[in-house]
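Sequence lines set the chain letters: A, B, ... in the order given, protein chains first and strands last, and positions in each chain run from 1.
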Amino acid sequence: MSGVSTAAYFARRAAQKERVRILYRRALKDTLNWAVHRHIFYRDASDLREKFNANQDVEDVDRIDKLIGHGEAEYNKWRHPDPYIVPWAPGGSKFCRNPTPPAGIEIVYNYGQEDNP
Amino acid sequence: MALRTAVLRHLRVPVTGSNQSQIGFLGSIRAFSSHDDHLSKQEVVDRVLDVVKCFPKVDPAKVTPDVHFQKDLGLDSLDTVEIVMAIEEEFKLEIPDKEADKIDSCPLAIEYVFNHPMSS
């Protein structure tokens with residue numbers, strides 16, 4: 001029984017739309033992880049887009065929740081074990097690697113002259 | 001709209017004034033660092049517009065630096081997601097999901113990329 005268009009209904013729909021967008025984003029990144037070569041990636045990306053477009057006109061809120069749940073379960077099933085992460089991002093190889101030194105530190109270059117200044 | 005941009009401004013690194021950025025810049029230059037190229041605003045604008053124009057569902061004649069993806073270009077929310085991913089790949093960025101969800105239009109995207117310290 002969700003025929004009344006109250007603020008709660010719209011809030012729920014907006015939350016669902018955000019979930020769908022985030023799910024699509026993650027699924028697309030995962031597709032890029034699996035299909036590295038672009039021509040294969042484009043094919044898989046269009047298949048993914050078709051899957052999302054097939055359900056875009058559903059109006060029943062509960063059914064939308066179920067579909068999003070199915071989509072997230074399938075995304076979790078297909079997650080790549082070694083995803084590409086940009087190096088400086090958390091999880092990447094350069095993360096926290098060369099932090100900028102704190103300001104005000106000076107290095108005095110007096111090699112070997114510590115004993116006789 | 002103004003409230004939204006004001007709120008969004010709090011979530012990102014703001015661009016400081018010219019004096020401050022000079023001193024800060026000098027303090028953060030490191031020799032042999034692989035991250036010493038900060039993009040100019042015009043370059044960011046040009047590259048973002050190129051990315052949007054190359055999108056197959058977009059009419060290149062309508063793309064300007066202050067265009068809204070859904071209102072002006074008639075795109076879907078999923079198309080917005082695709083454009084944001086293309087911008088991420090262009091500038092070698094990693095945008096968190098919550099931030100990427102908020103990028104809805106060209107000026108927002110340009111501002112985010114320009115203010116991001118690691119865009120290249």
Taking every non-hydrogen atom, the tightest pair across [X] and [Y]:
| X | Y | result |
| --- | --- | --- |
| A:W88 | B:H116 | CH2-CE1, 3.3 Å |
| A:Y24 | B:V81 | CD2-CG1, 3.6 Å |
| B:I95 | A:R25 | O-NH2, 2.6 Å |

Legend entry - Toward chain B: residues of residues 45-56 of chain A with heavy atoms under 4.5 Å: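 Residues A:R49, A:F52, A:N53, A:Q56 are the ones that qualify, each having a heavy atom under 4.5 Å from chain B.
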Between [X] and [Y], is there shared hydrophobic-cluster membership here, with clusters defined by ILVMFWY side-chain heavy atoms closer than 4.5 Å?
| X | Y | answer |
| --- | --- | --- |
| A:L28 | A:V86 | no |
| B:F55 | A:Y42 | no |
| B:I83 | A:F41 | no |
| B:V45 | B:I103 | yes |
| B:V84 | A:L23 | no |

Inset, instruction - Test B:M118 against A:K94 for side chain to side chain contact (heavy atoms under 4.5 Å, CB included), laying out the working first. - result: CA-CA 12 Å; B:M118 299 294 305; A:K94 252 169 89 169; 6.0 Å; no
Legend entry - Contacting moiety of A:A89, where chain B heavy atoms sit under 4.5 Å: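 Side chain only.
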Inset, instruction - Tell me, yes or no, whether the heavy-atom count around A:I105 atom CD1, taken from other residues, nucleotides or ligands under 6.0 Å, exceeds 12. - result: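 Yes, the 6.0 Å shell around CD1 holds more than 12 heavy atoms from other groups.
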Inset, instruction - Find the distance between CD (B:E94) and OH (A:Y84) and round it off to the nearest 0.5 Å. - result: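 Reported value, rounded in 0.5 Å steps: 8.5 Å.
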Legend entry - Residue selection (most heavy-atom pairs with chain A, distance under 4.5 Å) from B:K98, B:K92, B:E82: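 Counting heavy-atom pairs under 4.5 Å, the top option is B:E82.
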Inset, instruction - Sequence neighbours left out, what passes ring-ring contact (aromatic ring centres under 6.0 Å, His included) with A:W78? Give chain and number order. - result: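 Expected list: none.
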Legend entry - Residues A:K29 and B:E89 bridged, charged N to O under 4.0 Å: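 Judged by the 4.0 Å cut-off on N to carboxylate O distance, A:K29 and B:E89 do not form a salt bridge.
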